[in-house]
Amino acid sequence: MGNRFKLSRRSFLAGTTAASFISLHPYSVRAAENQAHLRIMETTDLHVHVHPYDYYADKERDTVGLARTASIIKEIRAEATNALLIDNGDFLQGNPMGDYIAYERGMKEGDLHPVIKAMNTVGFDASTLGNHEFNYGLDFLMKSLAGAAFPVLSANVVKEAGADPTKDTTLIEPYTILEREVTDGAGNTHPIKVGLIGFVPPQIMNWDRQHLEGNVQARDIVATAEAYVPQMKEQGADIIIALSHSGIGSADYTDGMENASVPLAAVDGIDAILTGHSHLDFPGPKYEGFAAVDLEKGTIHGKPAVMAGFWGSHLGLIDLMLERSGNEWRVVSHTSEVRPISKRNEDRSITALVESDQAVLDSVAEDHAATLDYIRRAVGKTDAPLHSYFALVADDPSVQIVSIAQLWYIEQMMAGTENEGLPILSAAAPFKAGGRGGPEYYTDVPVGDVAIKNVADLYLYPNTVRAVKVTGAQVKDWLERSAGMFNQITPGGSDQVLLNPEFPSYNFDVIDGVSYQIDLSQPSKFGPKGEPLNADANRIVNLTYNGAPLDMEQEFIIATNNYRASGGGSFPGAMGDTIVFEGPDTNRDVIVRYIVEQGTVSPRADSNWSFAPMEGTDVLFDTGPKAKDYLNDLSGMKIEEAGSGPEGFARFRIAL
């Protein structure tokens, strides 16, 4: 790694003039004799996005890619006297390049994973593990990490638990203390020890149970930090930065929190906190009003913090002014910001703000070409278009094909078991349905050949198939949980906003095998995170099975995925205790097999769900602009174009 602080400053001193000095960050200019400016750069949730390329759409995309972020990194290093570059996790999985390496090429001893090659090229100082690092199993993870030219950290994933976290045998190093030299405002160099410690949501034990159970345990984030930070101080860390692959959530601490960055920031001894996991940017308006969070100052509990979007969309920056007293350093002031790689224009177009770094593109050129070959292979045909533009307002073909394939698979798996003969249902949700992904973030597969890239587009995640056994009452509550997607609608009102923006589309499960309506005049029974809201609410009406009212006592098998079955999304009947089958196959593989067996699929929606009629009432629904091409495919729905929505979306009006 070398001593990047010292070398960059020497280069600066050797060839700059008074005029060029002002190009440095103001902190560097203002640093006094006993002060040094340290710039911390963050990427997070890269999800294997190196090239500015959308493998699902098979086209260039200016809003993503570490190759683009790398150009900003070069600028930042030129601006700052002393700089660190840190990744905050979720780099190993998340697009077809990741799947190609994991499922097709494999990782043999000595192989370099393409995202690791790219990160080595950019020159990262450290990274932490995110939850998606575990999706392909521990063996794949460890072989991938072996090629990293920087330390990768995680303090709360342990192979053997001790009496307290400091006595644990961790999967990888819990923390590191980087010994560097910084240059102060007078040009003098001083030693500094920067402590970095990494954390991941303990929910990995549910989300990737098949890989982790019996192999590792996950400790609470805050308790782990409270144990390790004093030890890091004892070992000489002058400042400590928390690499928190965890979102910014409640300020009220509870054991085992998924989004624990706010209480983590309150731990004494932590000087700055890098966050992620939520695919948002901080400082940013999404966190307006959060307790202990100051958007203007970019702080959590008064400490500088940042979250750099996702897929390389932003670079996060924390600037620290450090002051030396004796042999100790302390933070005397700080700023936080995020810098984007692109901007959206008023006409919905995207303007790239930086060009790609050629060295980064070159580092993965062969892997990129191999991934393109991988995604373009045809596996069958479809005689109906597969799109998700209306997946949140009507039964949808892109969700239907997933449900059909899951049902086909679980019917085979139940044969010969004690559950053979029980009615089988199938739950699936639209993964690409706009939202934070933007107005182009939709599935859109035309009639004709279906390639692997199309299957990856239909099913974004490398989940594995699960089946759960539930009662009719749990089926109803499962659907009530899904119906939280919608705002409560006042009968007789006009132009009411339909969708709750806090509700992610991947939690909008449609259950095939039953028929039902959603009464939008009723309040939601559950909140966006599955929390109980209105115990007596009944949005799900006219719920039937085989044409008769659903028997609340009857048992059903529901085909789903490991995330949902293990408690992901907090769905009634799917909290990890109802699993009756854990398949070795991914949902994507099952979809591919189903299409291969059928040759040609006809995934037309069967309209098993709809909104309950509400006379004289209409709602507004935002989706991708290309949705208008498929308006005529919607049967039984009164829908019309209603102009433009925000941020490039198109708006439609639905008469209930």
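Under the 3.5 Å distance criterion, with hydrogens and angles disregarded, a donor-acceptor pair is assigned to the side chains of Tyr389 and Asp444.
Lys432 and Asp457 are joined by a salt bridge, as a carboxylate oxygen and a charged side-chain nitrogen come within less than 4.0 angstrom of each other. Electrostatic pairing of Arg68 and Glu60 does not count as a salt bridge here, judged by no charged N lying under 4.0 Å from a carboxylate O.
Using a 4.5 Å heavy-atom cutoff, the side chains of Asp281 and Met307 are not in contact. Considering only heavy atoms from C-beta on, Pro603 comes within 4.5 Å of Thr382 through its side chain. Residues Arg339 and Ile76 have side chains in contact (heavy-atom distance under 4.5 Å, counting atoms from C-beta outward). Residues Leu171 and Phe134 are in side-chain contact: their nearest non-hydrogen atoms beyond the backbone lie under 4.5 Å apart.
The aromatic rings of Phe390 and Phe621 are tilted relative to each other, their planes meeting at an angle between 30° and 60°.
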Worked check of side-chain hydrogen bond (donor to acceptor under 3.5 Å, both in side chains) between Asp87 and Thr43:
CA-CA 5 Å; Asp87 179 75; Thr43 59; 2.7 Å; yes
What verdict does the side-chain hydrogen bond (donor to acceptor under 3.5 Å, both in side chains) test give for His277 and Asp90, after you've listed the backbone C-alpha separation in whole Å, the side-chain angles of each residue and the deciding distance to 0.1 Å?
CA-CA 8 Å; His277 184 54; Asp90 273 7; 4.7 Å; no
Criterion salt bridge (Lys or Arg N to Asp or Glu O under 4.0 Å) on Arg377 and Asp373, from CA distance to verdict
CA-CA 7 Å; Arg377 298 177 197 165; Asp373 290 341; over 6 Å; no
Salt bridge (Lys or Arg N to Asp or Glu O under 4.0 Å) for Glu75 and Arg39? Distances and angles first, verdict last.
CA-CA 12 Å; Glu75 296 173 7; Arg39 170 158 276 187; over 6 Å; no
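In the displayed structure, Glu355 atom CD is contacted under 6.0 Å by at most 12 heavy atoms of other residues, nucleotides or ligands. Remark: Glu647 CD is loosely packed, at most 12 non-hydrogen atoms of other residues, nucleotides or ligands lying under 6.0 Å away. Around CD of Gln210, the count of heavy atoms belonging to other residues, nucleotides or ligands within 6.0 Å exceeds 12. Applying the 6.0 Å contact sphere to CG of Asp347 captures more than 12 heavy atoms from other residues, nucleotides or ligands.
Residues Ser342 and Ile350 come closest through the heavy atom pair CB-CG2, 3.8 Å. Heavy atoms only, all atoms of each residue included: Ile341 and Asp62 are closest at CD1-O, 3.8 Å. A pairwise comparison of heavy atoms in Pro114 and Val364 identifies O-CG1, 3.1 Å as the closest pair.
When each of Ile273, Val306, Leu84 is checked for a side-chain contact (heavy atoms from CB on, under 4.5 Å) with Ile318, only Val306 meets the rule.
For Tyr55, the ring pair (Phe, Tyr, Trp, His ring centres under 6.0 Å) partners two or more places apart in sequence, or in a different chain, are Tyr53, His368.
One distance of note links CD of Gln93 with OH of Tyr136; it measures 4.5 Å at 0.5 Å rounding. Considering CZ of Phe199 and CD1 of Ile221, their distance stands at 7.5 Å, rounded to 0.5 Å.
Close placement of the Phe431 and Tyr461 rings is indicated, their centers lying within 6.0 Å of each other.
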Solution key, residues 398-405 side-chain donor-acceptor pairs under 3.5 Å, sequence neighbours excluded:
| unit_1 | atom_1 | unit_2 | atom_2 | d |
| --- | --- | --- | --- | --- |
| Ser398 | OG | His387 | O | 3.4 |
| Ser398 | OG | Asp396 | OD2 | 2.4 |
| Ser403 | OG | Asp512 | OD2 | 3.2 |

